[in-house]
Amino acid sequence: MNIPFLDNWLKRHGGEHEENALTAGSENDPERAAAVAELLSECELLRVRAGQAGLELDDSPASLGALDQLPPRWRDDPEELPWLGNDAGLYLGTVIVRTVPGATWHIWPGGHPVVRLVSGREIGVVEAGLDWAVTGAPQLSQVYAEAAEA
C-alpha cells in the first residue's frame with residue numbers, strides 16, 4: 001500500500017523505500033521508535049470524524065469498541081472511505097502498540113506498516129481498518145482482543 005506521508009518522511013530521512021527504513025535501529029534508539037509511533041498515530045481524518053460524532057479518541061482499547069458502534073456514515077463518500085479505513089487501521093495499530101506489551105511497529109518495503117507482536121506474529125492493521133470501514137468486520141475491538149491475548 002502506498003502511504004504518501006510515509007513516502008515523504010522516508011525521503012526526508014534518506015530511507016526512500018528500503019526495508020525497515022523507518023524502524024531500522026529503533027530497537028536501540030527509543031527516540032526514533034517514538035517518532036515512528038507518533039507519525040503513525042496521527043490518524044487525523046478518523047480523529048476528526050470521530051470528534052464530529054462526539055467521540056474523543058484517547059488511544060485506549062475502549063475507544064476501539066466505541067468506534068465499532070459509530071454509524072458508518074463514511075460509507076456514503078467513496079472518495080473518503082479508503083482514507084478513513086487507512087486511518088482506522090493506523091489507529092488500531094497505535095492502540096495495540098501502546099497497550100499490548102512488546103508490540104511494535106514494523107514497516108515493510110514501500111512503507112507498508114504492520115504491528116509485530118512479541119510472538120513474531122504480524123497484524124496487517126491497515127487491511128483490518130479498510131475491511132472495517134467498508135464492511136464493519138472484523139470489528140476493531142475484536143482485532144485488538146486477538147492481539148492482546150496472543
> Under 4.5 Å between any side-chain heavy atoms of Pro113 and Leu90, yes or no?
Replying inline: yes
>> Can you tell me how far apart OG1 (Thr94) and CG (Leu39) are? Round to the nearest 0.5 Å.
In response: 9.5 Å
>> Could you check whether any side-chain N or O of Asp68 sits under 3.5 Å from a backbone N or O of Ser141, counting only pairs where one atom can act as donor and the other as acceptor?
In response: yes
>> Checking Val114 against Val125 for the side-chain contact (heavy atoms from CB on, under 4.5 Å) test, could you report, in this order, the C-alpha distance in whole Å, the side-chain angles of both residues, the deciding distance, and whether it holds?
In response: CA-CA 6 Å; Val114 296; Val125 291; 5.9 Å; no
> Would you say the side-chain atoms of Ser63 pair up with the backbone N or O of Ser60, donor to acceptor, closer than 3.5 Å?
Replying inline: yes
>> Just verifying a value: how many Å separate His106 NE2 and Glu122 CD, rounded to the nearest 0.5 Å?
In response: 5.0 Å
>> Does Tyr144 form a side-chain contact (heavy atoms from CB on, under 4.5 Å) with Gln139? I'd like the steps, not just the answer.
In response: CA-CA 9 Å; Tyr144 174 83; Gln139 290 189 333; over 6 Å; no
>> Check this for me, if you would: do Asp59 and Arg47 make a salt bridge, where the nitrogen-to-carboxylate-oxygen distance has to be below 4.0 angstrom?
In response: yes
>> Is the shortest side-chain heavy-atom distance between Thr104 and Val97 below 4.5 Å?
In response: no
> Is Arg98 atom CZ crowded by more than 12 heavy atoms from other residues, nucleotides or ligands, each under 6.0 Å away?
Replying inline: yes
> What's the spacing between Leu117 CG and Ile96 CD1 if we round to 0.5 Å?
Replying inline: 7.0 Å
>> Please determine whether the number of non-hydrogen atoms from other residues, nucleotides or ligands lying under 6.0 Å from atom CD of Glu44 exceeds 12.
In response: no
> Is there a path of hydrophobic side-chain contacts, each under 4.5 Å between heavy atoms of I, L, V, M, F, W or Y residues, that connects Leu130 with Leu70?
Replying inline: yes
>> If we ignore hydrogens and angles and just use 3.5 Å, is the side chain of Arg75 paired with the main-chain N or O of Val134 as donor and acceptor?
In response: yes
>> Return the CZ to CG distance between Arg49 and Leu84, rounded to the nearest 0.5 Å.
In response: 7.5 Å
> How many angstroms lie between CG in Leu46 and CH2 in Trp74, if you round to the nearest 0.5 Å?
Replying inline: 8.0 Å
> Is there a side-chain contact between Leu57 and Leu67 (heavy atoms, below 4.5 Å)?
Replying inline: yes
> Would you call Glu146 and Pro138 a side-chain contact if the rule is heavy atoms closer than 4.5 Å?
Replying inline: no
> After noting the C-alpha distance and the side-chain angles of Trp132 and Val143, does the key distance pass the side-chain contact (heavy atoms from CB on, under 4.5 Å) rule?
Replying inline: CA-CA 10 Å; Trp132 172 82; Val143 176; over 6 Å; no
> NE2/His112 to CD1/Ile107 distance, rounded to the nearest 0.5 angstrom?
Replying inline: 9.0 Å
